[in-house]
Amino acid sequence: MLQTSSVAAVVNARIVTLRSPIDGTVSAKPPQGSTQLSVVHEGDAILHVVNARGDRVRLDDLRRQMSRMENERPSFAAKLAAAETAQQDLARQAAQFRDGRILQLQARIAEIQSAIEAAAARREKAVAAVERASSLIKSGSVSTVEMARLTREQAIAQQTADFTDREHRFRAIVSTEFRRS
């Protein structure tokens, strides 16, 4: 390859064009364990181009950046471990909050259930009082003012029972949704 050529020569082989992206001095670099006439395999270095005046700033920057990244890797690994620990801690806290909130909602539901039973008892008492007063008003034993008061108490007892029933249904829905999440 590096011999003098002739215009009358015949080459019985593939001709390969070699290109280099940089300027410099070309020096032969035969593959290890090969002779000058041996077969060249793909990927083997045939020549070596050396440019003593070449700009090595970018190469030096990349080497510094690689060194800095290697130095920062343990720090990033420690930060990742800390973040994973914090995530596990937050997940634990969220589970504890959810469990506590469910218990709180269940207690509130039990309280509302008691309030519903109390409101139902007051409503039944008010209905019985109105029925008694209705039968006594005919004989004149109960005044119309007393009948109006008993009727009003019956309406209030009914509204209270309806409200506590709606609140119970709402809390039951909230509790169910909270358990799902």
Side-chain angles (χ1 to χ4, degrees), residues 1-119 160 162-181:
M1 283 189 164
L2 300 175
Q3 298 176 1
T4 312
S5 62
S6 167
V7 288
V10 174
V11 176
N12 190 8
R14 289 189 201 161
I15 298 177
V16 178
T17 303
L18 301 175
R19 295 184 184 162
S20 173
I22 60 172
D23 276 341
T25 307
V26 176
S27 63
K29 183 177 183 182
Q32 288 194 350
S34 68
T35 63
Q36 211 171 17
L37 298 175
S38 65
V39 176
V40 177
H41 299 288
E42 183 178 345
D44 287 347
I46 300 172
L47 302 171
H48 185 70
V49 179
V50 178
N51 184 356
R53 297 179 302 161
D55 186 12
R56 301 181 62 86
V57 173
R58 180 67 179 140
L59 179 62
D60 292 340
D61 285 344
L62 290 173
R63 284 184 179 156
R64 274 193 298 275
Q65 186 177 5
M66 190 169 94
S67 175
R68 189 179 73 242
M69 295 291 178
E70 287 174 356
N71 290 339
E72 289 177 351
R73 183 186 296 173
S75 158
F76 289 145
K79 286 180 183 178
L80 178 63
E84 288 173 346
T85 303
Q87 181 184 21
Q88 291 171 353
D89 187 45
L90 288 174
R92 182 187 52 78
Q93 287 178 10
Q96 286 177 340
F97 173 78
R98 184 184 64 243
D99 294 343
R101 183 67 175 140
I102 287 171
L103 290 174
Q104 184 182 26
L105 289 171
Q106 289 172 341
R108 181 70 178 131
I109 287 171
E111 179 184 338
I112 292 170
Q113 187 64 37
S114 297
I116 287 172
E117 292 168 3
T160 303
D162 291 344
F163 172 75
T164 52
D165 187 47
R166 282 193 304 270
E167 187 175 6
H168 178 265
R169 286 193 307 253
F170 172 74
R171 294 292 177 168
I173 292 170
V174 169
S175 177
T176 303
E177 290 299 318
F178 217 82
R179 282 188 196 126
R180 288 184 190 164
S181 60

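All heavy atoms count here, side chains included; hydrogens, waters and symmetry mates do not. The residues of the chain are indexed from 1 along the displayed sequence.
Few gaps surround CZ on Arg92; more than 12 heavy atoms of other groups in view lie less than 6.0 Å from it. Annotation: Gln87, atom CD; neighbour count of heavy atoms from other residues, nucleotides and ligands within 6.0 Å does not exceed 12. Counting non-hydrogen atoms of other residues, nucleotides and ligands closer than 6.0 Å to CZ of Arg68 gives a total above 12.
Sorted by first and then second residue, the pairs that involve residues 107-118 and meet salt bridge (charged side-chain N to carboxylate O under 4.0 Å, His left out), not counting sequence neighbours, are Arg108-Glu111, Arg108-Glu167.
Ser67 places none of its side-chain heavy atoms less than 4.5 Å from the side chain of Arg63. Side-chain contact check for Leu103 versus Asp99: every heavy-atom pair is 4.5 Å or farther apart. Residues Met66 and Met69 fail the side-chain proximity criterion, which asks for heavy atoms closer than 4.5 Å.
Note that CD1 of Ile112 is 9.0 Å distant from CG of Leu105, once rounded to the nearest 0.5 Å. Between the CZ atom in Phe170 and the CD1 atom in Ile109 there is a gap of 10.5 Å [rounded to 0.5 Å]. Going from atom CG of Asp162 over to atom CD1 of Ile116 covers 10.0 Å, rounded to the nearest 0.5 Å.
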Just do the salt bridge (Lys or Arg N to Asp or Glu O under 4.0 Å) check on Arg169 and Asp165 with the steps written out, would you?
CA-CA 6 Å; Arg169 286 193 307 253; Asp165 187 47; 2.7 Å; yes

Applying salt bridge (Lys or Arg N to Asp or Glu O under 4.0 Å), run through Asp61 and Arg58 and close with a yes or a no.
CA-CA 5 Å; Asp61 285 344; Arg58 180 67 179 140; 5.1 Å; no

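Side-chain N/O atoms of Asp89 and Gln93 include a donor and acceptor closer than 3.5 Å.
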